[in-house]
Structure formats: structure tokens, C-alpha cells
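Since the structure comes first, as C-alpha cells, the remarks are kept for the end.
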Amino acid sequence: MSLQREMELKDGWRLCVVDDAELRGEITRFAQLQAESLPAQVPGDWPLDYVRAGKLEEPYDQDNYLKLRDYENSHVFYAAAFRWEGGPDRVFLRFEGIDTVADVYLNGRKIGHAENMYIPHEFPADGLMQGENELLVHILPVALEARQYREAAFASTCKYNYEALVIRKATHMFGWDICPRIVSAGLWRPVRVIQKKPLRIEDVFVWIDRLEENRARCTAMFDIDIGREPISRYALRLTGVCGDSRFEVCEPLWYVHGRMQFTLEHPKLWWPRGYGDPNQYEITAVLLRDGAPVDEITFRQGLRTAELARDDVLNERDEGEFCFVINRRRIYVKGTNWVPADAFHSNDARRIPKILELVRDVGCNALRVWGGGVYESDFFYDWCDANGVLVWQDFMMACGVYPLTGRMKRQLEEEATVQVRRLRRHASICLWAGDNECDQNYCWFDMKQDPTLNELTRGVLPRVLRAEDLTRPYLPSSPYVSARAYAEGCVESTPEQHLWGPRDYFKGHFYHDANAVFASEMGYHGCNSPRSLYRFIGRDQAWPVDGNPMYLYHAASPELEHSPYTYRIPLMSGQLRFLFRQEPANLDEYARMSQISQAEAKKFFVESFRSRKGKRTGLIWWNIMDCWPQISDAVVDYYFCKKLAYFYIRRSQQPVCLMMDDHTGGLVLYAVSDLDRDVRAAFRVRDLDSGAVVASGEARLAADASTPLCPIRDDGGVHFYAIEWETDDGVRGTNHYLQGRPPYDYPWYLACLEKMGYDEFEGFDR
């Protein structure tokens, strides 16, 4: 959209928090409030302002976040004075993110109402004056607002999350296993005064209709605003340049909405990481009136086709399809789940760039934006476009049976329309997914319901996508339970699965014999480093771990009894004790043992899928980064301290990697290549204890495939193997394999790491 003027309202904000019992009448001016006011940051969340003012302790430390429950009935008022010098025509107040239910006043006059955290809100600046103006935002307590909407008898979600079924606010904020219950409020994205041009381009979207060998038939959709002027005076010119590839098309307008078609010879296509360059065209659209330009927009967009080859259920041989196909080529996904960057979303913008660098460094080519968070910023999707990272985009619903009321349908339709229009230019987005685990939520309990009757994911969202975006596939839920899967009782035997299970031994039956063709969630616990634990739990309270309430609170449990999440700490303790059959003597040993357990587990998950490349099509492991200081499955904690698993996964996701797996019965050495050409490699496998070479040779590694190299003898013992290789183009790599069942000797394992040259325990005393 073209703007004549834009002014961000960033400075001079004031904040006032008032309990519902103390509020009297409608507040239209900040001066009407009798309570104390504080300076506020916008973008911001009010608890962070309270921390800066010394009125609250840091919520992320120890059990401080529990105190925020005392504020769940509070109204939050933001006010800013600003000067406006300019005309009043076509001026709007634009809120990129209001959390959540709010009334907006300009100079004492109500100009708008918001009920959805997920979408921008834009209100005409009625009553805007030359010179000084006052903007007031009254954010109502969602804990109270939710109570006016009756829940259906069989509505279902986690017990902390029922408000999320009726309020369009990030689900995790009501409490989740990866986030604390912090029912915050704020202006979490920028606020702007904008003045729009009278003649402007509203939107242009380009896509490939048909892809042939060296030719792409493309379509450009456009929306413009020319008011009531004669359409015959106008034309639209579209040009695109990417290297030596160029297109240009110019046509007179017949209406303010339409399509332009053109053929692109030898197109430079956008490719995911590892499959080609993430080419993007610099596209310029110019609106012409009587041949003279009156508006222009420029943007970058990759051109590609995206499909999902998918079966509803696995066959009797546990075979099935779930494979992303980009530009008619099958893609193996090496991905990680993307959860919120911070429990306070106003912090997202400063954290996201650094987290994305971790995604690149660890070797991922895909991210799944999980449905319990938020739709991410333009920066996030621009980065994914530029770096060839596929995005699986959930709509924001998670683990619930949501109401099928007219109000919910209207809100979701508006939200989906806004977000699809905003995001459809991004070549990186390869899939729209209706929700996270809602289909399974229908099926989890004794009183099972048919998920195919969910009108939100089978009616509302497909209707929006038919209208706004047919350029990428849609999956109603993850995992998706189709009519066939439900009728045949195969809700757990679909090609795409979330592999959580008992989280016992990571090579146990559930994980070793899983039949998923594609796993979009799979994780394992790992304790934070002592240095991080001391920061949020405190040195005096960090040991022992078992039975320690601070660890339970930082497993995201706001209660110590009857919590669905307190199992996580005993589970983690059980995993490390099973692995080593040794009681940790102190926090350092506990954390190292736990990180080894997690690292070996996630290494096994990644390699068990990659070694079966061809039969398996991808793994999106859980997850890259914590959104607050907690004990979790993440491989990097909130303070950006990497756990051992991060380094193991980075090794396992090398473009060429040698690894071992026993899925055919005996242990076999495999060479997995993501390259688009065959290469030759020399390899060697050594037993670190004896120094004996147990396998060596040279082999041709097939392009984009897993190649079995040789069997590895299993004598029933425990071995730590060093795997080394060098390709004919001089690329060297190392990996390792831990053979044999637990228990493993802890000092022996540490000695093996030292022999391998691994020195990857961050945040421990040296």
C-alpha cells in the first residue's frame, strides 16, 4: 500500500493499570484516571513497564510470574500526545498489534474497537486536529471479557487455556507446557499515524500458473484505489528483474481489481536451501494516469510452485506419502518448530534475528510456525525468503475443540483473510495448516467427536484460501485426521505424525519402530546449563533438582498439584538415570548427563529419518529456542546458551553426513547426501576405545539420497564410534555413533567426547 505520510508513535506514552472493581464509567481521556501513571514503552507489554518502574519483580525469575495472576482483572490504559501537521484527509491510526480487546479514543472520541491480537487494526482518524492530539487505548481484561461467551459442553482444551477458545489472543499466554501463564496486555507492535495517497496501488501478487521445462506462465493480481475517477485514464505497468531474467507487462485498466498474465522464459526459480538458490525478483508496479506515473511500489518476491504429495492413511506395509514438492522436485525437510520468540511479544522483534541465525547455523531448511503462538513479522518471512527456508504456517489454533459459533467463524475468517493477503507473496511459505493438534483433540477422549465436522478448518479456512490464495497446499490440521482416517480408526496411523509418546528410552519401541513418513513434532528434554539455571532459579535454590518447586514452576506449571506439566522434571531425571544408572553428585553432573541424554536422543531422531531418505521425507524436530527461561525440549535456552543437542544436530544435518542405523535389522553405515550431484567419498569408522578401524573404503554417494555403505558388526557390547569422511571435492566431515544399550559409564562417555575433540558444553564451569 502506498502512503503519502507515515509517523510512528513511539515516544511519550503513559500507562495506567486499574483493577476492574475500581473502574467507574467510560474513560475517554487519560486525565479522567485517578490511579498512578507510569512511562510506557510502545511496542510494549505493561508488566515490563512495571518492572522498569520497580513496581514488579522480574517475572521470569523464580516464581515471580505467579504474581501476575493478581492483575488478570485489570484494565490497562495507554495514552500518547502527538502533533499532527497536515491535512485530515485519508488519515488513519494503524495498530500493528493490540493485545487484545480494546477501545480506541482520539481526542476523547471513540474511533475504533479491537478484539483480535493476531491482526493489525486500522481506524479512520476522526477528530484529528492540527497541532496537539491525544490518543487513548483502553485494553479490557480478557479474563473477564471471555466470561461473557458461554462455552459449549464439549469444548475442550488444556485446563489453563479455556479463555483462548473464545478470545483471539495467543494461546500460550494462558499457560502451556512451553510458556507460563502470563495474561499480559499491551501494544505489542508499532502504532502509526498514516496518510494514504488519493491514487494508489493497494496490492500486487504474482504467481506461477504453470511451470514447463524452461518456461513459466505467470499471473499478477492487483488491487488499486483511484476513487471515482474514470478508469479509462489508468494503466498498470509491471516489471521484474532477477539477474539476467526480466519481464515487463503493461495493460490499461478496466476495473480496480484484475489480473495480468505473461510468460517468463528461463525463469529464475526460488528454491529451498540445499536445492538451489532462493532467487527473488525485484518487482516494480507503476500506476499510470494518462501515461504519467502517479504511484509506485517495489517488492521482492520469489517465484515457485508448491505442492504436497499426501495420503490420508498408511497402507498395510506402513507406506504412504507426505512430501513437499517445490518446482516439481521432491524436498527432504530438515526443520525445527518455531515457537514464540518471547512470552512477552513486544520483545519478539529484538530476539528474532538472532534466533534465525541459529536456524541457519544448525542446518535447517524449514520452520514450522506453531499454532499456539502468533503470525510472525514481515522481517521473519523476508528472512526465510532470502535464505531459502521453507515455512509451514499454522493458523493460530492449538490443542482445542473450538466453538463453532457465528462469532468465532467471523473472527477467524477476518483474521485468515488479513494474514493470507499479507503473507501470500512469500515464496518461503509452502503450506497453510489449519491448526495444531485440534483434529487429535477431537479424538483423544472417551467421548470422541468427528474432526471432519470442524467447520473452522473444513469450512471457513478453505473458503478464505479459495478466495485469496491457491498457490500453496492446505492441510486442515496437524496431524490431519481425514474422513477416511476417522472412519477406518486410523487416527494414529497417518503419514504425518507428532512423535511424543512415553519419552522413555529414545531408542525404545515407540521411537525406533515409529511408522511416520514425516514427523512434524518430535522432541526430548534437556536440562539447561548451570549458568543459565542460576540466572532464573538462583544459585541457592538450583540444587537438588528433584522435588524442587522452582524447577516445576519453570516447567511452565503455575501450580504444583494437579498440573498437567509437572511430569516434565521427573521425566527428565528418569531419562538421565536410565542412560547412566548413576546418581548425579551435583548440578553440573545432572545438567551434563541430561544434555547428553537429549543430544543422543535428538541425534538418533534426525538420523533415523535421514538414513531412510526416500521412504521418509522429513523431520521437524521440537524445537530450536525457548521463549522464556525454562527446562524444556529446546536446544538453545532463553539466554542463547546452546545445549549439547544443538551441536549434535548441526553435525547430523550436514549436507553430506555419514551415520549409522539399524532399521533393516543389522547396524549399517549410511551416507546421506543432499547434493544435486553424485560425489565420491573416502570414509573410515574407528572404535575410540581400541583404536581399531571397523570400516573403511571409498564409495559413490548418490545425489539427494541415502546410500548404504557397509554393515557394522554388533558384538553386543558398548562402543563409541568415530566416523570420518572426505569427499572428492575436499569437504571433510565427522560424526559419531553410540552402540549398545544403556547403562553407559558417565566418565567413559566424557572421555570419548574428549577423544572426538568435542568441547561443546556451554554455560558450565570450566
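In this text, all values refer to a predicted model and were calculated from it rather than measured experimentally.
- Here Asp674 pairs with Lys613 in a salt bridge; the nearest charged N to carboxylate O distance falls below 4.0 Å.
- No option in Arg330, Arg677, Arg329, Arg610 other than Arg329 meets the salt bridge (Lys or Arg N to Asp or Glu O under 4.0 Å) test with Asp704.
- Figure legend: Lys642 and Tyr646 shown as a cation-pi pair, the cationic atom lying under 6.0 angstrom from the six-membered ring centre and within 45 degrees of its axis.
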List the atom pairs, with distances to 0.1 Å, where a side-chain N or O of residues 262-272 and a protein N or O form a donor-acceptor pair under 3.5 Å, not counting sequence neighbours.
unit_1, atom_1, unit_2, atom_2, d
Glu265, OE2, Arg215, NE, 3.1
Glu265, OE2, Arg215, NH2, 3.1
Trp270, NE1, Asp385, O, 2.8

Problem set entry | Residue pair Thr239, Glu248: steps toward the side chain to side chain donor-acceptor pair (under 3.5 Å) verdict | CA-CA 4 Å; Thr239 58; Glu248 180 172 347; 6.0 Å; no

Problem set entry | Steps toward side chain to side chain donor-acceptor pair (under 3.5 Å) verdict (Glu319, Asn515) | CA-CA 8 Å; Glu319 298 169 338; Asn515 60 8; over 6 Å; no

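- Using a cutoff of 4.0 Å between basic side-chain nitrogens and carboxylate oxygens, Lys409 and Glu413 are not scored as salt-bridged.
- For His426 and Phe380, the gap between ring centers reaches or exceeds 6.0 Å.
- Within the 3.5 Å criterion, the main-chain N or O of Asp394 finds no donor-acceptor partner in the side chain of Asn436.
- Looking at Thr734 and Glu724, their side chains never bring a donor and an acceptor atom within 3.5 Å of each other.
- Of the N and O atoms on the side chains of Ser608 and His512, not one donor lies less than 3.5 Å from an acceptor on the other residue.
- Looking at every heavy atom in both residues, Leu456 comes nearest to Pro462 through O-CD, 4.3 Å.
- No option in Asp312, Thr494, Asp311 other than Asp312 meets the side chain to side chain donor-acceptor pair (under 3.5 Å) test with Ser482.
- Around CZ of Arg650, the count of heavy atoms belonging to other residues, nucleotides or ligands within 6.0 Å exceeds 12.
- For the residue pair Cys364 and Val389, the shortest heavy atom distance occurs at O-CG2, 4.3 Å.
- Side-chain atoms of Arg425 never come within 3.5 Å of backbone atoms of Phe205 as a donor-acceptor pair (strictly under, hydrogens ignored).
- Put simply, the side chain of Gln598 gets close to the backbone of Tyr524: a donor and an acceptor are under 3.5 Å apart.
- Remark: Cys218 SG to Ile208 CD1 distance equals 5.0 Å, nearest 0.5 Å.
- A salt bridge links Glu415 to Arg168: at least one charged side-chain nitrogen sits closer than 4.0 Å to a carboxylate oxygen.
- Salt bridge annotation for Glu357-Arg360: present, with a cationic side-chain nitrogen under 4.0 angstrom from a carboxylate oxygen.
- Under the side-chain contact (heavy atoms from CB on, under 4.5 Å) test applied with Arg424, the options Thr471, Leu465, Asp203 reduce to a single match, Asp203.
- Residues Ala341 and Ile352 approach most closely at CB-CG1, 3.7 Å, considering heavy atoms.
- Ionic pairing of Asp439 and Arg458 is present here: one or more N-O contacts between side-chain nitrogen and carboxylate oxygen are shorter than 4.0 angstrom.
- Environment of CD in Glu213: sparse, with no more than 12 heavy atoms of neighbouring residues, nucleotides or ligands closer than 6.0 Å.
- The heavy-atom pair separating Phe299 from Val204 by the smallest distance is CZ-O, 3.8 Å.
- Taking 4.0 Å as the cut-off between side-chain N and carboxylate O, Arg463 and Glu455 do not count as a salt-bridged pair.
- A cation-pi arrangement is not found for Lys602 relative to Tyr648, the charged atom failing to lie both closer than 6.0 Å to the ring centre and inside a 45° cone about the ring normal.
- The environment of Arg217 atom CZ is dense: over 12 non-hydrogen atoms of other residues, nucleotides or ligands sit within 6.0 angstrom.
- For the 3.5 Å distance criterion, the side chains of Asn735 and Arg651 fail to qualify, holding no donor opposite an acceptor.
- Put simply, the side chain of Tyr511 gets close to the backbone of Trp500: a donor and an acceptor are under 3.5 Å apart.
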For this session: Take Arg680 and Thr727, measure what side-chain contact (heavy atoms from CB on, under 4.5 Å) needs, and give me the verdict at the end.
Result: CA-CA 6 Å; Arg680 293 197 64 82; Thr727 63; over 6 Å; no

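- Ring-plane geometry between His663 and Tyr670 is classed as parallel, the angle between the planes falling under 30 degrees on a 0 to 90 degree scale with a further cut at 60.
- A side-chain N or O of Ser478 and one of Ser520 form a donor-acceptor pair less than 3.5 Å apart.
- Screening Leu390, Asp469, Leu423 for a side-chain contact (heavy atoms from CB on, under 4.5 Å) with Ile429, the sole residue that qualifies is Leu423.
- Checking side-chain atoms of Asp342 against main-chain N and O of His345 turns up no donor-acceptor pair under 3.5 Å.
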Exercise. Tyr375 and Phe395: side-chain contact (heavy atoms from CB on, under 4.5 Å), yes or no, with the steps?
Worked result: CA-CA 8 Å; Tyr375 305 94; Phe395 289 99; 3.4 Å; yes

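- Ion pairing of Arg472 with Glu307 is absent here, as no side-chain N (NZ or NE/NH1/NH2) approaches a carboxylate O to less than 4.0 Å.
- Between the OG atom of Ser632 and the CG atom of Asp177 there is a distance of 9.0 Å, given to the nearest 0.5 Å.
- Side chain of Gln440 to backbone of Glu437: no donor-acceptor contact under 3.5 angstrom is found.
- For an aromatic pair to be called close, the ring centres must be under 6.0 Å apart, and Trp392 with Trp370 fails this.
- Taking the six-membered ring for Trp and the full ring otherwise, Phe605 and Trp621 have centroids separated by 6.0 Å or more.
- Once rounded to the nearest 0.5 Å, the distance linking CD of Gln411 with CG of Asn116 reads 6.0 Å.
- Listed for the Tyr474 side chain is a donor-acceptor partner under 3.5 Å among the backbone atoms of Thr457.
- Arg310 forms no cation-pi arrangement with Phe322, by the criterion of a distance under 6.0 Å to the ring centre and an angle within 45° of the ring axis.
- If you take CZ on Arg189 and OG on Ser377, they are separated by 6.0 Å, rounding to the nearest 0.5 Å.
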Problem set entry | Verdict with reasoning, Asn623 to Thr336, per side chain to side chain donor-acceptor pair (under 3.5 Å) | CA-CA 5 Å; Asn623 65 308; Thr336 182; over 6 Å; no

Exercise. Where do Glu96 and Trp188 land on the side chain to side chain donor-acceptor pair (under 3.5 Å) test, with the steps shown first?
Worked result: CA-CA 8 Å; Glu96 297 295 340; Trp188 67 283; over 6 Å; no

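- Proximity of a side-chain donor or acceptor of Asp678 to a complementary backbone N or O of Ala703 within less than 3.5 Å is detected.
- The heavy-atom pair separating Ser477 from Cys438 by the smallest distance is OG-N, 3.6 Å.
- The backbone N or O of Val481 sits nowhere less than 3.5 Å from a side-chain atom of Tyr442 that would complete a donor-acceptor pair.
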For this session: Using the side-chain contact (heavy atoms from CB on, under 4.5 Å) rule, take Val731 and Trp725 through it: C-alpha gap first, then chi angles, then the decisive distance, then the call.
Result: CA-CA 8 Å; Val731 177; Trp725 65 91; 5.7 Å; no

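- Side-chain N or O atoms of Gln301 include one that pairs as donor or acceptor with a backbone N or O of Val206 at under 3.5 Å.
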Problem set entry | Audit row: Lys603, Glu607, salt bridge (Lys or Arg N to Asp or Glu O under 4.0 Å) steps and yes/no | CA-CA 6 Å; Lys603 170 183 167 63; Glu607 294 182 358; 2.8 Å; yes

